[in-house]
Trainee: 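Sharing a structure with you now.
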Amino acid sequence: MESSEVIQHRPARRSRRKKSGGLWNFLTALLVIATIGLVIYDALIFINPLNPLNPFPPDESFAGISLPTATPTEKALPATWTPTATLTPTVTETRVPPTPTNTQFVLGGTGTFEPSNALTPSPTANLKGLPFDLRNKPDAIASTIMHSDLGCKWTGVGGQVFDLQGAPMVGVTVQMGGRFGGSEVYLLSLTGTAIQYGPAGYEFTLGDKPTASNKTLWVQLLDQAGLPLSDKVTFETFDDCSKNLILINFKQVR
């Protein structure tokens, strides 16, 4: 009798175990579904913070504000080329300075007054009404001041351009032309590309040794349309290592 009672109780225990295991499986599945739902809910809010499901939506007044993208514009040196024609401005203005006259004025009937040469134009003022002129006369120095590693194996031209207030002007086109060492020369540069001369420095390389020339070379400032901003400034070069760099500075005069 006792053994039969034990046998009768075993199925009841197995039934309770099955019920308990099914409950845990249900709870596990429910937890997995809730986790997936929470992940989807967070993803929807992350993708669109203005989603109606978001209990704390951001202020819509800032949603449409976008900052403009800055696009830097870089200046590039014009390529060196050999011109087939000389740039000539379509309109030129020639101003002839007044000629001073020695007119005598009578002061109180006695003595005379002769005016000075105050009307004589300044030696640095151009006669074409162009906005730039020489700041000082071209000066010949040793290139080792700017290129200590090259010694006497270099010759060229350099300088700066200044505005009306004496501040350096960056981005002005400088051209050089003429003949040097038996060859035609035409070169372009921009101020600000040779800062060893200063913030608005420019430079031209003429050769690898000092060579003398007698005003067969010139430099000139141009605007963005290729029209002159200054007269052509001629200068000498020297067969001398202590004078193989010609300094030419320009200034704005109007």
Side-chain angles (χ1 to χ4, degrees), residues 75-81 83 87 122-181 183-224 226-254:
K75 287 185 176 292
L77 279 175
T80 302
W81 56 283
L87 289 174
S122 169
T124 61
N126 61 67
L127 304 180
K128 297 180 181 179
L130 298 174
F132 287 86
D133 208 331
L134 282 177
R135 190 182 191 191
N136 45 10
K137 293 182 179 180
D139 190 16
I141 64 173
S143 66
T144 52
I145 297 175
M146 300 297 176
H147 301 285
S148 58
D149 55 327
L150 298 179
C152 199
K153 298 179 180 179
W154 185 89
T155 185
V157 178
Q160 290 197 85
V161 177
F162 302 89
D163 63 13
L164 287 171
Q165 287 72 40
M169 292 187 66
V170 177
V172 179
T173 301
V174 187
Q175 70 170 346
M176 172 185 286
R179 293 185 61 83
F180 182 75
S183 302
E184 293 291 335
V185 174
Y186 190 87
L187 300 171
L188 291 175
S189 182
L190 280 176
T191 60
T193 58
I195 58 175
Q196 64 267 33
Y197 296 89
Y202 72 90
E203 185 180 75
F204 295 105
T205 297
L206 289 173
D208 56 4
K209 64 178 181 179
T211 302
S213 65
N214 186 17
K215 295 186 177 182
T216 59
L217 290 170
W218 52 264
V219 292
Q220 185 179 35
L221 303 185
L222 301 177
D223 63 13
Q224 294 182 351
L227 296 177
L229 291 174
S230 73
D231 289 331
K232 289 181 179 180
V233 177
T234 58
F235 58 93
E236 297 180 67
T237 61
F238 304 91
D239 184 11
D240 187 341
C241 292
S242 65
K243 296 181 178 181
N244 59 337
L245 171 58
I246 309 301
L247 289 178
I248 303 177
N249 295 320
F250 290 88
K251 66 176 180 179
Q252 188 175 6
V253 294
R254 57 177 53 85

Trainee: Does L247 have more than 12 heavy atoms from other residues, nucleotides or ligands lying within 6.0 Å of its CG?
Mentor: yes
Trainee: Using every non-hydrogen atom in the two residues, find where L245 and M146 come nearest and quote the distance to one decimal.
Mentor: CD2-CG, 3.7 Å
Trainee: Nearest 0.5 Å, what's the CD-CD distance between Q175 and Q220?
Mentor: 5.0 Å
Trainee: Kindly compute the distance separating CG (L222) from OG (S230), expressed to the nearest 0.5 Å.
Mentor: 7.5 Å
Trainee: Are any of the side-chain heavy atoms of L206 and M176 separated by less than 4.5 Å?
Mentor: yes
Trainee: So S213 and T237, do their side chains get closer than 4.5 Å, heavy atoms only?
Mentor: yes
Trainee: How far apart are the C-alpha atoms of T173 and L190, what are their side-chain angles, what is the distance that settles it, and do they pass the side chain to side chain contact (heavy atoms under 4.5 Å, CB included) test?
Mentor: CA-CA 5 Å; T173 301; L190 280 176; 3.6 Å; yes
Trainee: For the residue pair V253 and F132, establish whether any side-chain heavy-atom pair is separated by less than 4.5 Å.
Mentor: no
Trainee: When you measure from the side chain of S189 to the backbone N and O of V174, does any donor-acceptor pair fall under 3.5 Å?
Mentor: no
Trainee: After noting the C-alpha distance and the side-chain angles of T211 and K209, does the key distance pass the side chain to side chain contact (heavy atoms under 4.5 Å, CB included) rule?
Mentor: CA-CA 6 Å; T211 302; K209 64 178 181 179; 4.1 Å; yes
Trainee: Measure across G151 and S143 and return the closest heavy-atom pair with its distance rounded to 0.1 Å.
Mentor: O-OG, 3.3 Å
Trainee: For F235 and I248, work out which heavy atoms get closest and say how close.
Mentor: CD2-CD1, 3.6 Å
Trainee: Out of curiosity, Y202 OH to N249 CG, how far, rounded to the nearest 0.5 Å?
Mentor: 6.5 Å
Trainee: Could you give the distance from CG (L164) to CD (Q252), rounded to the nearest 0.5 Å?
Mentor: 3.5 Å
Trainee: Would you indicate whether the side-chain heavy atoms of F250 and V233 approach each other to under 4.5 Å?
Mentor: yes
Trainee: Compare all side-chain heavy atoms of I246 with those of F238 and state whether any distance is below 4.5 angstrom.
Mentor: yes
Trainee: Nearest 0.5 Å please: distance from the CG atom of L150 over to the OG1 atom of T144.
Mentor: 10.0 Å
Trainee: Can you classify the ring geometry of Y186 versus W218 as parallel (below 30°), tilted (30 to 60°) or perpendicular (above 60°)?
Mentor: perpendicular
Trainee: Does some side-chain heavy atom of R135 sit less than 4.5 Å from a side-chain heavy atom of Q160?
Mentor: no
Trainee: Any donor-acceptor pair under 3.5 Å linking the side chain of D223 with the backbone of L229?
Mentor: no
Trainee: Looking at G171, is its backbone amide N or carbonyl O close enough to the side chain of T191 to form a donor-acceptor pair, meaning the two atoms are under 3.5 Å apart?
Mentor: yes
Trainee: What is the distance from atom CD of E236 to atom CG of L217, rounded to the nearest 0.5 Å?
Mentor: 11.0 Å
